[in-house]
Amino acid sequence: MSDIRVRIAPSPTGPLHIGTARTALFNVLFARRHGGTFILRLEDTDVARSTLAFEADILAGLHWLGITWDEGPDSAGGEDHGPYGPYRQMLRLARYAEAAADLLARDLAYPCYCTPDELDADRRVQEAAKQPPRYVGRCAALTPAEREARVAEGRAAATRFRVAPGVIGFDDAVRGRVEIDTANLGGDFVIVRGDGTPLYHFTVVVDDAAMRISHVIRGEDHLSNTPKHILLFRALGHPEPVFAHLPLILNPDRTKMSKRKSRTAISDYIAQGFIREALVNYLALLGWSTGSEEEILSFDEIASRFDLDHVQKGGAVFDPERLEWINGQWIRRLDDDDLAARLGPFLEAEHAAGRIDRTPTADEIRTVLPMIRERLPTLGAVGDLIGFLWVDELTVDPATIVPKRWDAATTATALAAARQAIAAVGDVSFESEEIEPPLRALAERRGWKAGDLFMAIRVAVTGRTATPPLFDTLVALGRDRALARLDAAVAGVVSLVG
RNA sequence: GCCCCCAUCGUCUAGAGGCCCAGGACGCCACCCUUUCAAGGUGGAGAUCAGGGGUUCGAAUCCCCUUGGGGGCACCA
């Protein structure tokens, strides 16, 4: 195992986001490609917004995608494993406190007694003057006596890190050289809240240092914050990792992908019936490419090709249609048992929602696979596609049964004749090759276009104009039910004739 | 307001000075296949490589400027 160590550090303040999933994916891919270690660390210091439910959603989502970590918590609220634990920040509070005390002792940081109101006021003044927001430094040079006075006032002290003048430069693995003047960092920044809980910029560095992270691969939204992190690494006396900032995933209007404008929760995609192979494939290709024209790739194939050099710099608009196409490609590649098993939950959901009257068995699903596999953009489409197979009372509007070129009388006659022809096919030989010839012969004999006849039958027995191949559908329905539906349809259409 | 990043078909992208008057994929259109819908096949429309200057014998590829877009600037992560 190489000494490459990367991590994903989600915050359990919301369900697993598409962007987090992709960042996690790029990190594992990088680790797997180079024989490194992939770590999962929970950044749960925002106690007000973090929940165990979100934590569970995130871990389950990553597991569902097939993303596994070498170090970190196994499950929500579960045990940590790995030599650098614990891997949830609320369990590492003592370390942050120690690091902060060290910084304080060396005067690299100082206690700040400013109240939120004071800070707000400062910000408003700066805004009015069209100045960039920045900490004014009110507490930067307090004497011991002045500090004691504020404490005596009962003011809580936050800890601020001193930002020294200078230019911070680093070689981003995807963007190249980046240099930022610390004068633009907004002044000394808070690393520990007044209540003693540490803040993100601080914990991320303390932990990345402690966990020996070698490459920080994250979203571009952290690019501007990187100098703060570098300053902290240096203050803590730890070598800086390599940084690699990935392009953002965008809404259709090219702003950072958000819940408001796009579907961002992985669980939504799972619920719609996207499969992990497709999501992984699609996400990997969002911002990265093989450099070749390969499109459909498995996790392992991607892992063997992955590199940071081919990561795009510009943001990428999330394109649901392309995802759906890739999903269809992967669904077609699944073997029967696998596909049937994955379809199960979706059919159960259809049943639970009352759209079908019973949940088909795995065997039943398997027999119907050949006629639906190429017609499923998502697993969730299965109900609309063949749900009619499992409804007891199919209600069909008679008017929809009449083909465009036909009138009701012709339709009634044709359906009745078709009913006879189908009934003539015995129960034992009720196969599509046995059903088709007599129906075609019937159409020819009466001068009907076969397509019209078939369409009338199709709508009569399924209630839809778009279905899997008709004869396979009739077989799947079974002779008795097919005939019963035909009878009902004839009656309906006859009533139309009046 | 300040700082940083980015810029090839509508979208995802190939392209790392001549192989490019720019290739693939999604989507779109047409045709083929066909009982509908898909899938599949074939073909097509679609990008003066954001614009303008350079450098070079030669630039989508290098440099500069402009424009546009995005991100960041919290006692959020």
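Fair warning: this is a prediction, and the values are worked out from it, not measured in the lab. Labels below follow one simple rule: chain letters A, B, ... track the order of the sequence lines, proteins then strands, and each chain is numbered from 1.
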Check: What residue among Arg41(A), Arg95(A), Arg88(A) forms salt bridge (charged side-chain N to carboxylate O under 4.0 Å, His left out) with Asp207(A)?
Finding: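 The residue from Arg41(A), Arg95(A), Arg88(A) that satisfies salt bridge (charged side-chain N to carboxylate O under 4.0 Å, His left out) with Asp207(A) turns out to be Arg41(A).
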Checking all strands, does [X] fall into the base, sugar-phosphate, or nothing category for heavy-atom contacts under 4.0 angstrom?
X: Ser224(A); result: base
X: Leu470(A); result: base
X: Leu119(A); result: base
X: Pro247(A); result: nothing
X: Gly314(A); result: sugar-phosphate
X: Pro468(A); result: base
X: Gln329(A); result: sugar-phosphate
X: Gly328(A); result: nothing
X: Pro133(A); result: base
X: Asp221(A); result: sugar-phosphate

Checklist line | Nearest heavy atoms of Met455(A) and Thr465(A), plus distance in Å | finding: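 Looking at all heavy atoms of both residues, the closest pair is CE-O, 3.6 Å.
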Next item on the list: Would you name the heavy atoms of Ala164(A) and Thr182(A) that are closest together and state the gap between them?
Entry: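 Closest pair (atom of Ala164(A), atom of Thr182(A), distance): O-OG1, 2.6 Å.
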Does [X] have a side-chain nitrogen or oxygen under 4.0 Å from the phosphate oxygens OP1 or OP2 of [N]?
X: His310(A); N: rG15(B); answer: yes
X: Lys256(A); N: rG72(B); answer: yes
X: Arg41(A); N: rA77(B); answer: no
X: Gln312(A); N: rA14(B); answer: yes
X: Thr45(A); N: rA77(B); answer: yes
X: Arg464(A); N: rU36(B); answer: no
X: Arg123(A); N: rC75(B); answer: yes
X: Arg322(A); N: rA25(B); answer: no
X: Arg332(A); N: rG40(B); answer: yes
X: Arg373(A); N: rA38(B); answer: no
X: Thr467(A); N: rU36(B); answer: no

Atom pairs and distances, donor-acceptor, side-chain atoms in residues 314-323 of chain A, under 3.5 Å, two or more places apart:
unit_1    : atom_1 : unit_2    : atom_2 : d
Asp319(A) : OD1    : Glu321(A) : N      : 3.1
Arg322(A) : NH2    : Glu295(A) : OE1    : 2.8

Which whole number of Å gives the distance between the [atom1] atom of [N] and that of [M]?
N: rU8(B); M: rU13(B); atom1: C1'; value: 9 Å
N: rU36(B); M: rA45(B); atom1: P; value: 29 Å
N: rG27(B); M: rC63(B); atom1: P; value: 37 Å
N: rU56(B); M: rG10(B); atom1: P; value: 34 Å
N: rA38(B); M: rC31(B); atom1: P; value: 14 Å
N: rG69(B); M: rC57(B); atom1: C1'; value: 36 Å
N: rA74(B); M: rC28(B); atom1: P; value: 45 Å
N: rG18(B); M: rU11(B); atom1: C1'; value: 30 Å

May I have the list of side-chain donor-acceptor pairs in residues 108-117 of chain A shorter than 3.5 Å, sequence neighbours left out?
unit_1    : atom_1 : unit_2    : atom_2 : d
Tyr110(A) : OH     : Asp188(A) : OD2    : 2.7
Thr115(A) : OG1    : Glu118(A) : N      : 3.1

Margin query: Could you check whether the side chain of Thr255(A) and the base of rG70(B) have a donor-acceptor pair of N or O atoms closer than 3.5 Å, going by distance alone?
Written below: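 Side chain to base: no pair present.
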Note to self: Suppose we call a contact any N or O donor and acceptor under 3.5 Å apart; does that hold for the side chain of Arg175(A) and the base of rC5(B)?
What the structure shows: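 Side chain to base: no pair below 3.5 Å.
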Notebook entry, point to check: Under 6.0 Å from the six-membered ring centre of Phe189(A) and within 45° of its axis: does the NZ or CZ of Lys228(A) meet both?
Noted result: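 Judged by the rule, Lys228(A) and Phe189(A) form a cation-pi pair.
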Next item on the list: Assign each of Cys114(A) and Ile180(A) to its nearest nucleotide of RNA chain B by heavy atoms, then name whichever residue's nucleotide is nearer the 5' end.
Entry: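 Per heavy-atom nearest nucleotide, the more 5' residue is Ile180(A).
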Note to self: Taking Ala183(A)'s backbone N and O only, do any of them form a donor-acceptor pair with Arg134(A)'s side chain (distance below 3.5 Å, no angle check)?
What the structure shows: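 Between the backbone of Ala183(A) and the side chain of Arg134(A) there is a qualifying donor-acceptor contact (under 3.5 Å).
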